[in-house]
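As structure tokens, the structure follows; a few thoughts come after it.
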Number of protein chains: 2
Amino acid sequence: MRLFHARGYDAVGVAELGAALGIKPPSLYAAFGSKAGLFKQALERYFTSDANIFGRALAEGGGVDAVIGRMFRLAARLYPARDGVAGCLVLDGARNSADDEARGLTAAARAASRVAMRDFIATEHPARADDLVDFVVIALGGMSAAARDGAGEASLAAFAAKADRTFRREAAEGR
Amino acid sequence: MRLFHARGYDAVGVAELGAALGIKPPSLYAAFGSKAGLFKQALERYFTSDANIFGRALAEGGGVDAVIGRMFRLAARLYPARDGVAGCLVLDGARNSADDEARGLTAAARAASRVAMRDFIATEHPARADDLVDFVVIALGGMSAAARDGAGEASLAAFAAKADRTFRREAAEGR
DNA sequence: GGATTATTTTAGTGATCACTACAAAAATAA
DNA sequence: TTATTTTTGTAGTGATCACTAAAATAATCC
């Protein structure tokens with residue numbers, strides 16, 4: 001999972017993935033069916049891990065403003081490079097991949113995340129949920145990309161604070 | 001150039017690039033030296049084209065607020081997918097590439113753009129130029145990524161408007 | 001027009017890609 | 001303990017990758 005996250009789907013070959021798991025290609029195929037199957041499992045593990053910032057922010061409770069703000073702060077803390085891994089696997093793991101299946105898997109994961117966030121925002125802002133979730137999704141995408149380009153926690157935290165303020169203002173205007 | 005932009009550096013091979021230019025590989029190598037050399041030229045042409053949103057926004061004059069706002073609006077208009085091409089070549093063209101040289105070329109282009117924007121912002125906000133340009137860069141990164149994921153002009157324009165408002169507020173606070 | 005130079009193409013190169021047939025090893029059942 | 005099933009590894013497969021040596025073609029010079 002870390003290899004896919006660090007370098008993207010296409011840049012990591014099956015031989016290297018097998019070596020990281022301590023198995024040879026046939027065993028990898030026996031276990032996962034294909035490279036994309038392994039990627040799918042990596043995405044599922046990512047979703048259930050501490051990297052799921054929306055899930056974590058939601059678990060601590062609070063209103064929409066609190067949860068979204070917490071999520072931005074979590075992104076600022078978790079996205080900067082650590083051991084060569086930066087950003088978000090779902091948002092950028094299959095960026096520019098030549099493999100339709102891999103791109104489809106991340107597209108589906110992104111769509112599911114967007115729906116979950118939109119539905120949560122709609123609990124307080126039904127009329128503006130689409131507009132607000134778009135803002136959140138695009139802002140997080142920018143943070144993931146920036147982290148992968150080398151941005152540090154300080155600059156991501158400054159952006160998160162601005163995004164948080166903006167979200168609160170935009171949400172309050174729809175009341 | 002459009003192939004690199006549409007699919008990313010690694011997803012387009014030399015044979016396909018040659019076919020698009022109407023030449024065979026040796027001629028391509030004679031002309032550009034390497035695949036990365038061709039990519040370098042594509043980046044240079046992109047920079048001098050209408051896709052240079054900072055250059056275009058700057059050419060119309062005005063203060064920092066006006067230029068940055070105009071740039072966000074240009075991004076919202078130019079980034080959505082058209083003929084399979086979306087987002088920004090400099091920001092996302094070599095994302096996840098296994099080729100160090102290609103990634104280095106886009107990193108250098110991004111750094112140069114950032115410096116240019118920072119210096120421009122510093123003409124009115126010297127104390128906050130770094131903070132403000134970080135916001136701009138991350139926001140544009142999010143817009144490019146969103147466009148490549150299929151976002152349309154309406155949602156990018158809505159984000160651009162919010163980013164514009166945010167930039168103006170944050171800039172005004174540092175006065 | 002012939003000789004020379006420049007450009008382009010044909011036909012590859014060695015490496016890597018995702019994946020697999022078959023053999024070997026390990027685990028399980030009788 | 002032997003037979004059967006499952007798991008893993010060896011040794012590939014055909015395709016694609018970026019790139020190139022040598023041949024062919026086109027352009028230029030005298």
Side-chain angles (χ1 to χ4, degrees), chain A residues 1-46 84-85 89-109 148, chain B residues 1-46 84-85 89-109 148:
Chain A
M1 182 171 98
R2 296 182 71 266
L3 287 169
F4 281 137
H5 197 167
R7 312 216 303 269
Y9 184 85
D10 284 6
V12 191
V14 165
E16 194 175 0
L17 291 165
L21 295 170
I23 57 177
K24 295 298 168 82
S27 304
L28 188 150
Y29 286 92
F32 302 107
S34 64
K35 185 183 177 185
L38 172 56
F39 186 58
K40 185 179 183 198
Q41 179 132 151
L43 286 171
E44 282 160 8
R45 292 178 62 163
Y46 188 77
V85 175
L89 181 63
V90 171
L91 295 180
D92 283 310
R95 177 80 57 207
N96 287 336
S97 173
D99 189 312
D100 291 343
E101 194 176 351
R103 292 202 317 279
L105 288 170
T106 54
R148 288 175 86 80
Chain B
M1 181 171 98
R2 297 184 66 265
L3 286 170
F4 282 137
H5 197 167
R7 311 216 306 268
Y9 184 84
D10 284 6
V12 191
V14 166
E16 193 174 359
L17 290 164
L21 295 169
I23 56 176
K24 297 297 167 80
S27 300
L28 187 149
Y29 285 92
F32 303 106
S34 63
K35 185 182 176 183
L38 172 56
F39 186 58
K40 185 178 185 199
Q41 180 133 153
L43 285 172
E44 282 160 8
R45 293 180 60 163
Y46 189 76
V85 175
L89 180 63
V90 171
L91 296 178
D92 281 310
R95 177 80 57 206
N96 287 337
S97 172
D99 189 313
D100 291 344
E101 194 175 350
R103 292 201 318 278
L105 288 170
T106 53
R148 291 174 85 81

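For clarity, every value in this text was computed on a predicted model and none was experimentally measured. Here is how names work: the chains are called A, B, and so on, in the same order as the sequence lines, proteins then strands, and each is numbered from 1.
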Tell me: [atom1] of [X] to [atom2] of [N], nearest whole Å?
X       : N      : atom1 : atom2 : answer
A/Phe32 : C/dC19 : CZ    : P     : 13 Å
B/Ile23 : C/dT10 : CD1   : P     : 13 Å
A/Leu21 : D/dG9  : CG    : P     : 11 Å
A/Lys24 : D/dT10 : NZ    : P     : 4 Å
A/Leu17 : C/dC19 : CG    : C1'   : 13 Å

Could you state the interatomic distance from CZ (B/Arg45) to NZ (B/Lys40), rounded to the nearest 0.5 Å?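 Here the interatomic distance stands at 15.0 Å.
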What orientation do A/Tyr9 and A/Phe4 show, parallel under 30°, tilted 30 to 60°, or perpendicular over 60°?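 Ring orientation of A/Tyr9 relative to A/Phe4: parallel.
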On the nucleotide C/dT9, are OP1 or OP2 found under 4.0 Å from the side-chain N or O atoms that B/Ser27 carries?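 Answer is yes, contact under 4.0 Å.
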Is it true that a side-chain atom of [X] and a backbone atom of [Y] form a donor plus acceptor pair closer than 3.5 Å?
X        : Y        : result
B/Lys35  : B/Ala102 : no
B/Arg103 : B/Ser97  : yes
A/Asp99  : A/Asp10  : no

Between A/Phe39 and A/Leu89, is any pair of side-chain heavy atoms under 4.5 Å apart?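 In contact.
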Pairing check on D/dT7: which nucleotide meets the Watson-Crick or G-U wobble criteria with it, both distances under 3.5 Å?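 In the structure as shown, D/dT7 has C/dA24 as its Watson-Crick or wobble partner.
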Restricting both atoms to N or O, compile the protein contacts to nucleotides 15-19 of chain D shorter than 3.5 Å, with distance only.
from	atom 1	to	atom 2	distance (Å)
D/dA18	OP1	B/Lys35	NZ	2.5
D/dA18	OP2	B/Val14	N	2.8
D/dC19	OP2	B/Tyr29	OH	3.0
D/dC19	OP2	B/Lys35	N	2.8
D/dC19	O5'	B/Tyr29	OH	3.4

